[in-house]
Amino acid sequence: MARHLAQASADAPGRRRRRRGGVGTIVAALVLLVLGGALLLMPSVSSVMEQEQRARSAEELRREVVSDAGASSDADAADEFRSKEGDSTYEALERYNEEVREGTGDQINDPFAFSGDELAEMGLPDGVVGTIDIPSMDMTLPLYLGATEENMMKGATVIAGTSMPIGETSSNCVIAAHRGVRGVWSGPQMFRDIELMEVGDTVTITTPWERLTYRACEIRVITPDDVDALAVQEGRDLVTLFTCHPYGQHTHRYLVYCERVDNDEAQESPGLVERAVRAYLPAASEGSPALTVELVLRVAGLAALVVIAAALVVTLVRRMRGAQRGG
């Protein structure tokens, strides 16, 4: 009996060391799990936050234009707009649209058609003409005049030679954006998930003068040289979303034609959390296999984290029960 007690006493320090070593291993694994999850999810969260910041900055610039015209700059007055009557900037955009209709304006997709001096004279800070909101893509972006390389890195752009976004009949405002900036895993996603859009989805453009809502009515894939697809269609007020296709390549162009509807038909935008979730899980697409591969990789990464977390929890519970029995 005494021998057994002595043996148990001698083994106690070893058990305590093993127990402490096991707990330390679990804690280290949990820390690595948290770090791995953060590394996996942070790019998507960062992307959404960056998009939100861009949208807020664009809205501030829009309000600056409104304020410069003498309208209220109250931050809570969300429906305050600049008057069109006698507005030199608005009149300049009208003249531009008339030139587009007559075929005497800028060449389509000329990135240098809007000069810095011209934009300054129009009274549009940084060339921002408003914001564009696309609920089905969980996307709100600043809207710039001119598809320059610089503007394309910052948000959505109105392609030169197409109509300005002022809601006129016989106009077609073609809005271009990348399907992602700075690669797959970082940066704002822009028009990455444009293939999620379906006929009936809405797009809302907010300018210093008004809010304009459009409903998707046709989707088309074209070759890069098909300029006629971007032309004005007589009697219609159109906005056309434009980006490269397939995702990750530049062989074709993906177009979503949208026609003007009443503002009360606009879809609601999802919340920040839902945006972050959707940003992490991109849409699978038959037209863009890279999106499907990306989706599989991200789901696999998330599944691996869940399995590891479950294994750690089971191991921790077993050790706690073992410690209770041995105590």
Side-chain angles (χ1 to χ4, degrees), residues 43 46-62 65 92-93 96 99-100 105-134 137 139-165 172-195 203 205 207 221-227 229-230 239-256 279 288 290-291:
S46 175
S47 171
V48 172
M49 292 176 66
E50 188 172 343
Q51 288 164 193
E52 291 289 322
Q53 179 58 43
R54 288 169 187 250
R56 283 195 297 269
S57 298
E59 178 61 14
E60 290 172 2
L61 288 172
R62 186 191 75 82
V65 175
L93 297 180
Y96 192 96
E99 292 174 356
V100 170
D106 293 320
Q107 180 180 353
I108 289 182
N109 206 26
D110 177 1
F112 303 105
F114 299 105
S115 67
D117 292 340
E118 181 184 7
L119 290 173
E121 292 174 0
M122 292 173 64
L124 293 172
D126 296 336
V128 175
V129 72
T131 61
I132 179 170
D133 181 65
I134 311 173
M137 283 199 285
M139 187 65 53
T140 299
L141 293 169
L143 183 58
Y144 293 85
L145 293 186
T148 64
E149 183 176 346
E150 180 183 0
N151 287 347
M152 291 285 285
M153 292 296 292
K154 297 187 293 186
T157 62
V158 177
I159 292 181
T162 71
S163 306
M164 297 293 99
N172 185 11
C173 177
V174 182
I175 298 175
H178 287 307
R179 296 191 76 166
V181 176
R182 297 199 302 272
V184 171
W185 297 100
S186 63
Q189 301 303 328
M190 305 283 191
F191 282 4
R192 179 190 71 180
D193 294 329
I194 193 169
E195 291 170 76
V203 172
I205 296 173
T207 72
V221 176
I222 64 170
T223 56
D225 58 354
D226 188 1
V227 179
L230 311 182
V239 159
T240 301
L241 306 184
F242 175 101
T243 194
C244 293
H245 185 74
Y247 175 72
Q249 301 180 39
H250 307 85
T251 58
H252 290 75
R253 302 293 181 263
Y254 196 94
L255 306 183
V256 180
S288 295
L291 282 176

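Within the 3.5 Å criterion, the main-chain N or O of Val203 finds no donor-acceptor partner in the side chain of Asp133. Checking side-chain atoms of Asn151 against main-chain N and O of Gly146 turns up a donor-acceptor pair under 3.5 Å. At distances below 3.5 Å, not a single donor-acceptor pair connects side-chain atoms of Thr162 with backbone N or O atoms of Cys173. With Tyr96 contributing its side chain and Ala160 its backbone, the two residues share no donor-acceptor pair below 3.5 Å.
Residues meeting the side chain to side chain contact (heavy atoms under 4.5 Å, CB included) test with Glu60, sequence neighbours left out: none. Thr223 meets the side chain to side chain donor-acceptor pair (under 3.5 Å) test with Asp225; sequence neighbours excluded. Remark: Thr240 pairs with Asn172 by the side chain to side chain donor-acceptor pair (under 3.5 Å) rule, at least two apart or across chains.
Here the shortest heavy-atom pairing between Ile159 and Ala147 reads CG1-CB, 4.3 Å. Taking all atoms of both residues into account, the shortest heavy-atom contact from Val158 to Ser163 is CG1-O, 3.7 Å. Scanning both residues, Ala229 and Leu255, for their nearest heavy atoms gives CB-CD1, 3.9 Å. Contact between Pro142 and Lys154 at its shortest, heavy atoms only, is CG-O, 3.6 Å. What you find for Phe242 and Leu230 is that their closest heavy atoms are CD1-CD2, 3.9 Å. In this structure, Ala176 and Phe191 approach most closely via the heavy-atom pair C-CE2, 4.3 Å.
Within the model, atoms CD1 of Ile194 and CE of Met137 stand 5.0 Å from one another, a figure rounded to the nearest 0.5 Å. To the nearest 0.5 Å, atom CD of residue Glu150 and atom OH of residue Tyr144 are 8.5 Å apart. The OH atom of Tyr254 lies 12.5 Å from the CD1 atom of Ile222; values are rounded to the nearest 0.5 Å. Rounding to the nearest 0.5 Å places CE of Met190 at 11.5 Å from CD1 of Ile134. How far SG of Cys244 is from CD of Gln249: 10.5 Å, rounded to the nearest 0.5 Å.
Using a 4.5 Å heavy-atom threshold, the side chains of Leu143 and Ile175 count as touching. Residues Leu145 and Met164 are in side-chain contact: their nearest non-hydrogen atoms beyond the backbone lie under 4.5 Å apart. Between Ile132 and Thr140, the closest side-chain pair of non-hydrogen atoms is not below 4.5 Å. In this structure, Arg253 and Val221 have side chains that are not in contact, with every pair of non-hydrogen atoms separated by 4.5 Å or more. Using a 4.5 Å heavy-atom threshold, the side chains of Leu141 and Thr131 count as separate.
If you check the side chains of Asp193 and Tyr247, you find no donor sitting under 3.5 Å from an acceptor.
Look at Glu195 and Arg179 and you find a salt bridge, because one of the NZ, NE, NH1 or NH2 atoms lies within 4.0 Å of a carboxylate O, short of that distance.
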